[in-house]
Amino acid sequence: MPLPKSIATVCLSGALPDKLEAAALVGFQGVEIFENDLLTYDGSPEEVGRMCRDLGLDVAIYQPFRDFEAMPEPQRRRNLDRAERKFDTMQALGTDLILVCSNTQPATLPEPERAAADLREMAERAAQRGLRVGYEALAWGKQVSLWRQAWDIVRLADHPALGLILDSFHSLSRGDDLAGLDRVPAEKLFFLQLADAPKLSMDVLSWSRHFRLFPGQGELPVAGFLRDILRAGYRGPVSLEIFNDEFRAAPVRRIARDALRSLILLDDAVRAEAPPETVPAQPLPAAPMLSGLEFVEFAVDEAAREQLGGFLGTLGFRRAGQHRSKAVELLRQGGVNLVLNSEPDSAAAERFEMFGPAVCAMALRVDDPARALARAQSLLSPAWQERVGEGEQRIPAIRAPDGTLIYLVQSGSDIWADDFHLLPGAAPAVPPLAGIDHVVQALAPGHLDGFVLFYRAVFGLEPEPVFELPDPFGIVRSRTLASPERSLRLPLNVSESRQTGTGRFVSAYAGAGVHHIAFAAPDAAALVAAAPDAPMLEIPENYYDDLAARFGLPDEELAALQVGHLLYDRDAQGGSFVHAYTHAFQDRFFFEVVERRGGYDQYGAPNAAVRMAAQARRQKK
Ligand SMILES: O=C(O)c1ccc(O)c(O)c1
Ligand SMILES: [Mg+2]
């Protein structure tokens with residue numbers, strides 16, 4: 001049996017029963033009852049304990065007990081009385097373990113012997129009731145802030161009912177690790193809390209209280225931490241303890257599902273190096289090998305289909321197919337397939353009703369659709385069945401966190417001939433596109449970390465650090481996920497401001513979704529030059545003056561960029577990026593043409609401000 005999975009109630013929003021129900025519903029086996037969640041609840045500890053048992057949840061621990069050890073008298077005696085009352089609560093809840101976090105009071109004495117004597121006394125009193133005490137070093141503890149200091153005290157106290165609690169955040173935020181933990185007897189490892197976090201430079205208390213993340217969402221080496229404690233012999237629950245303002249404001253079941261998904265993924269990450277009895281017997285089905293996007297599908301009605309077809313026509317897209325039985329049209333330009341779906345009573349129609357013209361599906365080319373689907377299901381993303389007509393192929397699909405359908409298409413297969421009447425291609429007037437370079441989604445505030453975990457877990461995409469992009473009306477935070485071989489790149493943008501392009505897109509159309517699609521062009525300048533009717537976004541002359549100053553481009557090259565309203569970026573390795581944007585279609589989504597040269601691997605972030613200002617100017621007109 002793998003170790004039981006647990007979650008602290010502080011991770012989740014709502015009243016205590018909502019938190020417990022959500023934890024049980026998604027499949028957690030245990031909970032940490034966070035004291036504040038009990039204090040603010042209007043039911044007795046006995047009722048809470050019963051509720052947990054009815055839901056099949058083990059109350060793994062009651063926490064925290066603060067500012068206990070090494071206090072001068074008379075606080076010392078009062079603290080022991082306080083402990084007795086918490087033991088009453090624990091017995092009512094039905095848990096045998098309490099977490100004592102290291103003292104943060106300025107008055108704490110710098111005397112490990114005193115701390116040990118106090119904890120020994122507390123443990124002795126606990127033991128008389130069959131209870132146990134675990135000691136955790138808070139990263140900002142006054143005298144004790146590292147796990148080795150906490151261990152020195154636990155060892156000195158030398159009581160069987162006293163042990164150590166490890167929390168990945170407190171160690172990893174300090175750059176510490178678990179080296180030496182193998183010398184701690186395994187029976188002294190009482191409890192394990194896991195949390196990830198982005199790398200931020202701020203005081204560690206604020207960082208911990210507001211910005212913790214589920215494992216895999218942040219940048220701390222949580223998998224290595226878990227591996228080390230399992231190797232040291234820990235065999236208790238693996239418990240998430242995440243203090244995060246956005247999680248505490250979000251719908252509780254969504255966050256609970258993200259939480260469990262993060263632990264399922266973590267199990268798999270440590271499998272190869274963990275003792276076999278601590279992890280599931282079966283590995284997850286391997287992440288798919290991706291080879292780009294087979295198509296992107298838009299929900300439209302008949303009018304929007306004509307208008308979007310016309311808009312894309314200026315970039316060389318042509319009608320290439322008509323579905324045999326549905327109001328679904330294929331547009332093609334070189335290696336890019338776009339599907340316009342105006343079929344009534346479909347997932348697309350539902351999307352159109354809610355959002356107007358919008359991307360409703362993406363199709364990923366994968367090496368093994370059945371395996372990709374099995375992995376998604378193991379990671380709590382159920383399969384989705386779209387209605388299919390007789391004789392039509394059924395493409396496996398799942399839904400992204402915002403409901404966008406993600407089809408899983410066998411790489412190298414022809415999915416079109418069976419279901420579509422294909423139309424002969426006319427000689428293209430515009431040079432062919434090579435494919436889809438990236439697809440940018442605008443997310444509502446509070447959704448970024450859940451999307452990152454979804455794409456990372458289900459598809460094995462790698463997240464890049466967060467960029468902050470200055471829109472004239474606020475900041476857009478952007479984090480990109482990309483497949484290792486870069487055939488799929490998905491930047492995710494989020495903005496607290498409703499006035500930014502991202503914020504307006506999300507709020508005006510009541511939801512997240514694809515905000516722009518970047519097409520890969522072998523020669524972006526040539527493509528724009530051959531597409532004189534394409535509604536390209538005008539870029540101000542000042543931008544080109546600055547480009548000349550920054551990069552020292554030859555005059556002819558600069559002039560060519562300016563004529564085509566093209567933007568330019570260069571990386572430290574000498575790779576470069578040439579790109580241009582269209583106006584937004586019906587003030588919604590827009591398109592980009594990009595050319596990567598010399599291994600350039602970014603997205604032209606330095607140009608985002610220029611693009612967003614140009615879009616805001618058009619918006620004002
Ligand atoms: O922020 C805190 O006070 C706090 C409390 C209990 C914990 O287990 C912890 O890691 C932090
Ligand atoms: Mg903790």
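Reckoned from all heavy atoms, side chains included, excluding hydrogens, waters and symmetry mates. When a ligand or atom number is given, it counts from 1 through the structure's own listing order. What you see is a predicted model, and the numbers here were worked out from it, not measured in a lab.
Salt bridge present: Glu121 and Arg125 bring a charged side-chain N and a carboxylate O closer than 4.0 Å.
Applying the side-chain hydrogen bond (donor to acceptor under 3.5 Å, both in side chains) test to pairs two or more places apart or on separate chains, those with a residue in residues 172-184 are Ser145-Arg174, Arg148-Asp176, Arg148-Asp177. Among residues at least two apart or in separate chains, ring-ring contact (aromatic ring centres under 6.0 Å, His included) pairs with a member in residues 41-92 are Phe65-Phe68.
Listed by chain and number, Gln63, Pro64, Arg66, Leu99, Glu136, Leu138, Trp140, Asp167, His170, Gln193, Arg209, Arg212, Glu241, Phe243 each place a non-hydrogen atom less than 4.0 angstrom from ligand 1.
Gln193 and Glu32 share a side-chain donor-acceptor pair at under 3.5 Å. No side-chain N or O of Gln143 forms a donor-acceptor pair with one of Thr108 less than 3.5 Å apart. A donor-acceptor pair shorter than 3.5 Å cannot be found between the side chains of Arg76 and Asn79. Between the side chains of Gln217 and Asp196, no donor-acceptor pair of N or O atoms lies under 3.5 Å.
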Chi angles and distances behind the salt bridge (charged side-chain N to carboxylate O under 4.0 Å, His left out) call for Asp267, Arg271: CA-CA 6 Å; Asp267 266 344; Arg271 260 189 73 75; over 6 Å; no
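Listed by chain and residue number, the protein N/O/S atoms under 2.8 Å of the Mg ion (ligand 2) are Glu136 OE2, Asp167 OD2, Gln193 OE1, Glu241 OE1, with waters left out.
Ser102 and Leu138 get closest at one heavy-atom pair: OG-N, 2.9 Å.
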